[in-house]
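Worksheet: the structure to be examined is printed underneath.
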Amino acid sequence: MPENSTLPRFAVLQLSGCAGCEVSLINASEWVDQYQLVYMPLVVSTHAVPEDTEVLLVSGGVRNDEDIYNLRRAVEIVDRVVAVGTCAISGGVANLGDRDDVRAMFMAGQDRHHLPHLLPKSHPVDSFVNVDLYLPGCPPTPELFMAALLDPENYQASGIVCGECGRKKLKDMRPQHLVGFQQGEVLPDICLINQGYLCVGSSVRGGCRAICTRPGHPCVGCRGPSDAYIEKESQVWFDRVQNVFERMTDIPPDEIRDALHSPQLSMFLFQFTDYADANRPPRPKEKVL
Amino acid sequence: MAILRFPLSRIEGHARVEMEVHDGQVMTAHFQAIEMRGFRYFMQGTSAEQMPVIVPRICGVCSTAHHVASVKALENIFDVEPPELAREIRELLLLGQLIQNQATSLFIFTMPDRVGASSLFHMDESEADPDHQLSLARRSLKVRQVGTNLITLAGGQFIHPVKAVIGGVTSGIQREPAEAMLKDIEALLPVACELFDAYWEMSMAMGERIGTWGDDQPAYYIASTGRTRPRLDSDTLRVLGPDGVERASFPPRLFRSYLDYEDTAYSYAGQTSYQGQVMRANSLARMNLALSMGTPLADGYLEKLTHTFGKPAHPILLFDLCRGIELVYAFERALEILAKDLDYEDTEVPYTLKDGEGYGLVEAPRGPLIHHYIVTDGLVREAEFVIPTVHNMLAIERALKVAGERYISPEAINLELEKAVGRVVRAFDPCIACATQ
Ligand code: SF4
Ligand code: SF4
Ligand code: SF4
């Protein structure tokens, strides 16, 4: 991958995240022949996005003032901006801290001079700059990265995770309660809802090839809602999951409702519809891979 | 007084180095973590059972270690012992992590320093022979990929694993994928060795060129692996003195009696010491502790290291070589486990929630990692993450100061300093996302 090659140039800007998105990108090494990586501090020693860079992938949320500065400076140079991963799209896991009690603790305990100044919360990238393509997932799989870089329009995936899961939904296996892993085993081949797990794969966008549910862990929805719910309020989406559980189980509706509001789901499921920054239109589904 | 500021790349996360220089004297060298998300705060109130899925997001590089440490802390609270099969699958997970991490550190983070390139992907434009370097890059990525594939096989999701749960794992590994993985690892083990040999040569040449492997003084070492063979999920931390004699061994719940923690005003990360003494965690600590690796090829390399550099060995560039030994070990050990039956029923045992306080220890690639939770009514009241990089902070700063003194004189600053700063920091392979969470 020589520097002077005519291959299109891309850069990766990492804001405040976990680097999982970058690690996933390195796992997809096919781009080596088709793109020229010009900036990505995790793997390349360069200190700014160079001119003539076409695509900018942004991962991580905007968590401090240096993130804002780096983001604004980088987008000026490039033609196309891709927001990669839940953190960049909605603030991600760090958004679990978007509560008054946590903010108070956090801001009180973490004042530092001469360091990037922390913001009260983690912001999505599109609070500050325009985004051309959203690539959800925590992190997106290498396959999704390749699709985003090479041919986002023609990526083939199921509408929902269930379509890629391969577990069978049974009519006559109706749990009374959510049991989680306390029961001590996960049966193969049978839908996790039938076994009393809180799996939301039935309304989460496909494309990850159901990597969690196949080996027996419920989908926590890291890819966000499917196209059917992505432009709607989260309540519509909640009602849908609630319906699925009421149809397939005898679990009391209140129990399901409470569970759906748990932290592990809320870090992903609100990522397209509910912003803490009010008055923003939903992201159009055409822009979401 | 002048302040020299060095941005850093090819490490995990956002950090920089600041040196205060006065009349050619290095007054201070600060290693600053400049990001923070606040997991220890926002995990409060989370349902305890969801922790193993959320905490891997502390760091996409060390995710597997957080996943397993979290499960162990909860098992400690709920008083449940995972079955043997679950332990083996978790070990595979941690081995996958070790392969991925050590390969990343060796090939992506530090190999470019050895030939003066800006990255592994740009090594063909360095002074070295183009064809050879390009194939080096590709082979390196393949070896690294083995780690990722192993995490996927043993952990489900490939960056933030999901398969370890309180009481066990969600499923075993079927014979067919296990065989396929086995073949893959067998095919790539010689490639890993070949790359490590090349890396060793490049390192010798670099040591020759810069005239040192690190001038810093000896230090204390901390690790939680076994002495006769590595154990990634042991329940004991050990501290070695600079002379190689074991000074302490203790369970994770007693860590506060042995280690002193301090916040710093100039960084979002704190720093720990062993009763006021500078200590080091990570690969060199483990190799100084290990009498043997328990697998043939890795033992050969360990012998070569001991023969060449003595034991305990202190020069910091040896951290990098030690990572290579562990890379080879992890390949060999994964072969041993994958040869066993991993597909029988006994994957998990049931448990009931209860209130309590628990600790989970694993040896992450960067050193001993402890998760400490207090749980009431099924919710996490307090979460504490004791991070290996934080144990290395004082050692990193001391080594940076030594490097500064080597290259700064009242007359001039040698341009090699910037490179030296990068080499020093990368030798410790710090992880900033973890250190600050
Ligand atoms: S989206 Fe997930 S993988 Fe990506 S940076 Fe955020 S937490 Fe890490
Ligand atoms: S609900 Fe979950 S387990 Fe059931 S089919 Fe859908 S993705 Fe699979
Ligand atoms: S199965 Fe669900 S949680 Fe897992 S990667 Fe796919 S969308 Fe994300």
Side-chain angles (χ1 to χ4, degrees), chain A residues 1-3 14 16-24 26-27 29 32 37 40-47 63-64 66 92-94 96-97 99 101-102 105-106 109-110 112-116 118 122 138-139 141 180-186 188 211-212 214-217 220 262-264 267, chain B residues 7 9-10 12-13 32 34-38 41-47 49-50 53-54 57-61 63 104 108 112 118-122 124-125 141 144-145 148 152 156-160 162-163 165-168 170-171 265-268 345 347-353 422 433:
Chain A
M1 205 183 63
E3 193 86 324
Q14 185 186 344
S16 296
C18 82
C21 286
E22 284 75 9
V23 176
S24 179
I26 305 172
N27 288 341
S29 44
V32 173
L37 177 60
M40 181 173 174
L42 185 69
V43 306
V44 188
S45 291
T46 45
H47 297 302
R63 193 75 194 78
N64 59 51
E66 197 167 291
V93 62
L96 294 178
R99 314 182 325 226
D101 55 332
V102 174
M105 269 187 296
F106 188 75
Q110 298 303 332
R112 295 286 188 282
H113 269 306
H114 310 302
L115 289 182
L118 296 172
S122 179
C138 181
T141 56
F181 297 100
Q182 293 173 41
Q183 68 191 9
E185 61 181 329
V186 181
I211 40 179
C212 302
R214 284 163 176 271
H217 197 283
V220 294
S262 68
Q264 73 173 358
M267 54 183 187
Chain B
S9 56
R10 281 189 273 122
E12 197 298 318
Q32 303 180 306
I34 56 177
E35 65 176 322
M36 172 170 213
R37 287 163 300 154
Y41 304 110
F42 63 69
M43 285 294 93
Q44 297 181 11
T46 301
S47 143
E49 292 171 292
Q50 297 181 350
V53 178
I54 300 177
R57 271 103 188 163
I58 288 175
C59 174
V61 177
S63 45
T104 303
I108 297 182
S118 68
S119 87
L120 176 66
F121 305 104
H122 298 82
D124 53 339
E125 39 145 6
L141 289 177
R144 186 185 165 283
Q145 190 98 43
T148 314
T152 314
Q157 215 254 42
F158 63 112
I159 302 278
H160 299 312
V162 293
K163 265 179 73 167
V165 292
I166 305 165
T170 57
S171 56
Y266 55 82
S267 166
Y268 286 121
E345 300 267 283
T347 55
E348 307 173 47
V349 292
Y351 64 92
T352 38
L353 290 175

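This one's a predicted model, so the numbers in the text were calculated from it and none came from an experiment. Proteins come first, then strands; the chains are lettered A, B, ... in the order of their sequence lines, and each starts at number 1.
When each of A:G20, A:P41, A:G184, A:P188 is scored by its heavy-atom pairs under 4.5 Å with chain B, the top score falls to A:G184. Among B:G156, B:C59, B:A433, the residue making the largest number of heavy-atom pairs under 4.5 Å with chain A is B:C59. Counting heavy-atom pairs closer than 4.5 Å to chain B, the top residue among A:V93, A:N27, A:I211 is A:N27. Between chain A and the options B:V61, B:T104, B:T352, B:V165, heavy-atom pairs under 4.5 Å are most frequent for B:V165. Comparing B:T46, B:I166, B:T152 by heavy-atom pairs within less than 4.5 Å of chain A, the highest count is held by B:T46. The candidate from B:E35, B:R57, B:Q145, B:Q157 with the greatest count of non-hydrogen atom pairs under 4.5 Å with chain A is B:R57.
Both the backbone and the side chain of B:I54 come within contact range of chain A, judged by heavy atoms closer than 4.5 Å. For A:H114, the part lying under 4.5 angstrom from a heavy atom of chain B is the backbone only. Only the side chain of B:E49 has a heavy atom closer than 4.5 Å to any heavy atom of chain A. In this structure, the portions of A:S262 lying under 4.5 Å from any heavy atom of chain B include both its backbone and its side chain. The contact between B:Q32 and chain A is made entirely by side chain atoms (from C-beta outward), counting heavy-atom distances below 4.5 Å. Of the atoms belonging to A:E22, not a single heavy atom falls under 4.5 Å from chain B. Interface residue A:Q14: backbone and side-chain heavy atoms are both found under 4.5 Å from chain B. With a threshold of 4.5 angstrom between heavy atoms, A:C138 approaches chain B through its backbone and through its side chain.
In terms of heavy-atom proximity, B:Y268 sits nearest to A:P116 at OH-O, 2.8 Å. Between B:Y266 and A:L115, the shortest heavy-atom contact is O-CD2, 3.5 Å. A pairwise comparison of heavy atoms in A:S24 and B:I159 identifies N-CD1, 3.7 Å as the closest pair. Closest non-hydrogen pair, B:M36 versus A:L118, comes out as O-CD2, 3.9 Å. Closest approach of A:A19 and B:E12 over heavy atoms only: CB-OE2, 3.0 Å.
Looking only at distances, a side-chain donor or acceptor of B:S171 sits under 3.5 Å from a matching main-chain atom of A:P215.
Partner of A:C212 under the side chain to side chain contact (heavy atoms under 4.5 Å, CB included) criterion, chosen from B:V162, B:T170, B:V53: B:V162.
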Are A:C18 and B:H160 close enough, and set up right, to give a side-chain contact (heavy atoms from CB on, under 4.5 Å), and what steps lead you there? CA-CA 10 Å; A:C18 82; B:H160 299 312; 3.6 Å; yes
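The line from CD1 of A:I26 to OG1 of B:T148 is 9.0 Å long, rounded to the nearest 0.5 Å.
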